[in-house]
> 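Have a look at this one before I ask anything.
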Amino acid sequence: MQQQPQAPVASATQPDQLESCETTAEAPPKQVALAMERLGQAARLIADVRLGADRLLEALFIAAQPHQSNKPLHLIVNEEATMRQHLQDLRAVGRQLEESGVLNSLRSRNNSWGLHMPLVCPDGAVVAYAWKRQLAGQAGASAVDRTRLALKAFTDQRRRFFPHLEDESSGQTSGVESGVSKKHCSSQASTLTHKEEPSEEKTLPEVLLRVEKEAPNMRIFTYQHLDWLKRASALSSSTNENFIESSKENNFQTSNRLRTGSLGPVSADQIAAVELLVPSVFRAIISLHPAGSIEPDAVAFFSPDEGGSYIHSRGFSVYHVFRHLTEHAVKALQFFLGINTDTALYNLLHWICSYETLFTKSCCKCGRLLTIDKQSTLLLPPIIRPYRHSFTTKATVTQSSFSMKDQSSHLVPAYHVGCYSEEL
Amino acid sequence: MPLKWLLHWQPNAGTTVNSQILSEVSQCVESINGAKEGRWKSTLTFYRPVLRDQTLQAEYPRDCLGISLQEQPNKYYFILRSQRIVLEADSTIQMIMEKLQSYKSRVSLYFEGFQYQLGDFQLRVGKVVPTHSENLRGIVMEVEYLPISSLDKSRQIMEDFVDIWQETVSKRSLPGHFMHIEPNFAEYGLSDHYTSQHTAVQYAIVMAQLIASVRN
């Protein structure tokens, strides 16, 4: 009998420690459940105390009025008794919570591991419980070790969920953390978001020049930030033709290869919007952020006849076909940005070129041009052009899966929204 | 402006068009989720030259058509089909014609019916009736594809639509079918970019077709 372990012996002598020993022998989920229950109890007791206080005040108020019997006195006495009981219960619950580590008190020495549950991480995630060994490992290790462990765990996760991302030394991490589990949040320091400055291999004029060569039917215009808004408002079906005619004249005279839609000379580092126009087919607007860089920010498609101040890279066309197309393009943009922000603009423009055939190329799956889209019950042409395999990761052309020779947009497959599935 | 194809109903040999067919066609539009939007009406007028000397009649074009379109309330269109001329004028020209008395209007026809929206397509199904009677002379349908204005670029889309449309209508086993005649717009001096003048020319062509089919 003397061989009994310390905890049960201690529990026999101290009744109020009995419960705490029981709880430490239980698994953390049960602890959490008990703690939640006790918190609930505490909340109820606090509510009772409040009510009691209200009643006392009421009784005092009644007593203050003249011509009263002993009734208020009875009320006060009764209420006092119940209040006292409530407060005692509350104290008991509080003690229980302290012992299980939910509440911290000055006398608490229970949790010597240095981590108190529940732990709220800097990014807001809550760690409700942790196994002792995990705590030991984390608490015992130095900050450097912990960081290394966390980085390793993160890299493993990333490799598992995002296999298409390349482990380049330039560590592009923006926008891909969604797959990482919350378990690592408590140890993830800001070291993981460090991003090396990407080397500017391409400037905006170079990118546009390259795209121009590939798509002779597409007109490219560049604009300063506010100039595009002015132009958009001026667009309307009657002035559209006039602009195209006059811009042809301007292009012959301009020595600057960048076709500037802005009024007056504009240097490349102020360009905030790029307009791609395939006459009679579509007009695409891409905004760059920051201005002058080659980082696309947003993209939208419109009919070439549309005009108005809603024509901008975050606007939506009034026509269904272009609205659906814009949604698809936004996904493509995010994909290209996720791969490599340096080549994202080129990839996006190159991909947009394939939409020259928007109204002429039939769906590769069903062979038709127009079909009733099941989801929206609209008649739509094939607006999907796959983007997952049509990108370059390096600035040079050699890695592209489409060689420079077959830049013809007729070779890019097209699908209806309903005909396209991710496996294709 | 968005381009438009004008289809007309070609009844089978020996049959005539009637209002039953019109209601069936309207039901077809609704069956492909066309949302009824409102009414539409265009007017076509035949003009004959007024000549003192009847022997000169041969020198003047006999088929001068005047058209007023719903979407262009301030304009009036003249078409001389034999000469391949189309002219866009202000709507006050009708008043001037009245005053001049050089050409008198002989027969007027209404193209009227309901307008439907089908996503990016706008359809107008209409009957052809003379101004002062209820005799149904024909059925026409305007198919407009709103996002584009180029006849060339839209050709495949429109053909596909007409195919889908013909399929839908043929399920009802009606005595006839819709036809589309593509006028040679270049002969009229019109470009690939669609305008109301193109519409006027299409109406003139359809009118000639309706007359021919009535004669047969």
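Letters A, B, ... are given to chains in the order of the sequence lines, protein chains preceding strands, and every chain is numbered from 1.
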> Please report the closest heavy-atom contact between A:Phe359 and B:Gln156, naming both atoms and the distance.
O-CB, 4.1 Å
> Identify the heavy atoms of A:Arg368 and B:Asp160 that sit nearest to each other, and give their distance.
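Closest approach of A:Arg368 to B:Asp160, heavy atoms only: C-OD2, 4.1 Å.
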> Please determine whether the number of non-hydrogen atoms from other residues, nucleotides or ligands lying under 6.0 Å from atom CZ of B:Arg172 exceeds 12.
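Counting other residues, nucleotides and ligands, CZ of B:Arg172 exceeds 12 neighbours.
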> Provide the closest heavy-atom pair for B:Asn33 versus A:Thr377 in the form atom of the first, atom of the second, distance.
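Smallest heavy-atom distance, with atoms named: ND2-CB, 3.4 Å.
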> Given heavy-atom pairs under 4.5 angstrom as the criterion, report whether the side chain, backbone, both or neither of B:Phe121 touches chain A.
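It is the side chain, since no backbone atom gets that close.
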> Say you draw a straight line from CG of A:Leu379 to CD1 of B:Ile164; how long is it, rounded to the nearest 0.5 Å?
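Answer for the CG-CD1 pair, A:Leu379 versus B:Ile164, is 5.0 Å.
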> Taking all atoms of both residues into account, what is the closest heavy-atom pair of B:Pro147 and A:Asp305, and its distance?
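Closest approach of B:Pro147 to A:Asp305, heavy atoms only: O-OD2, 3.8 Å.
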> Between B:Asp120 (side chain) and A:Tyr319 (backbone), is there a donor-acceptor pair under 3.5 Å?
no
> Evaluate whether atom NE2 of B:His177 has more than 12 neighbouring non-hydrogen atoms of other residues, nucleotides or ligands under 6.0 angstrom away.
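Atom NE2 in B:His177 is packed in, count exceeds 12.
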> Taking all non-hydrogen atoms of both residues, which atom of A:Leu369 and which atom of B:Ile157 are closest, and how far apart?
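Heavy atoms of A:Leu369 and B:Ile157 come nearest at CD2-N, 3.5 Å.
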> Looking at A:Thr371, A:Leu378, A:Val321, which one has more heavy-atom pairs under 4.5 Å with chain B than the rest?
A:Val321
> In Å and rounded to the nearest 0.5 Å, what is the OH to OG distance from B:Tyr194 to A:Ser280?
15.0 Å
> Check this for me: B:Glu98, atom CD, are more than 12 non-hydrogen atoms of other residues, nucleotides or ligands nearer than 6.0 Å?
no
